[in-house]
S.K.: 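Pasting a structure below so you can have a look.
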Amino acid sequence: MTHIADCSFCRKPDSEVDRLVAGPGVFICSGCVTAAAQVIAGAPSESEPVAPWDAELPLETVLGNLGAVAAAGAQAERNLRVWVGKARELGGTWSQIGGALEMTRQSAWERFSGEN
Ligand SMILES: [Zn+2]
């Protein structure tokens, strides 16, 4: 079976989860959807949202998160390259791709063409 992606939350590969739902360059497995729903159901509705990095955390927890954040970012970057390749296969120009990514045609070509 072809490996498509890992869950961006728990990092399990698609072969180890029931379902994997795709977002824009990220994925979430059915187990993480269930866990997230439980967190949402248990959260006070009036509470002010806090960015995860603004929560009080010990250094060990923060260091433990770095690998997961890097892995999710690397997977998103690989996905972006695949989507750009798909746009090229469909006849998309570097100007169109650059426009979609809010960068110049030249920047898009330099980043994604593999020709520089
Ligand atoms: Zn997951």
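Atoms within each ligand, like the ligands themselves, are counted from 1 in listed order.
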S.K.: Ignoring hydrogens and angles, tell me if any N or O in the side chain of E16 forms a donor-acceptor pair with the backbone of P13 under 3.5 Å.
M.R.: no
S.K.: For the CG atom of L20 and the CD1 atom of I28, what is their distance to the nearest 0.5 Å?
M.R.: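 So the CG of L20 and the CD1 of I28 are separated by 9.0 Å.
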S.K.: Could you check V82 against K86 for side-chain contact (heavy atoms from CB on, under 4.5 Å), going step by step and ending with a plain yes or no?
M.R.: CA-CA 6 Å; V82 172; K86 176 114 178 145; 5.7 Å; no
S.K.: State, to 0.1 Å, how close P52 and L57 come at their nearest heavy-atom pair, and which atoms those are.
M.R.: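 So the minimum-distance heavy-atom pair works out to O-CD1, 3.7 Å.
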S.K.: Is a donor on one side and an acceptor on the other found under 3.5 Å between the side chain of R81 and the backbone of R111?
M.R.: yes
S.K.: Give me the other members of the hydrophobic cluster that V26 sits in, counting Ile, Leu, Val, Met, Phe, Trp and Tyr linked by side-chain heavy atoms under 4.5 Å, directly or via other members.
M.R.: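 Its cluster mates, by chain and number: none.
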S.K.: If we only look closer than 2.8 Å, how many protein N, O or S atoms does the Zn ion (ligand 1) have near it?
M.R.: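 Every protein N, O or S atom under 2.8 Å from the Zn ion (ligand 1) counted, the figure is 4.
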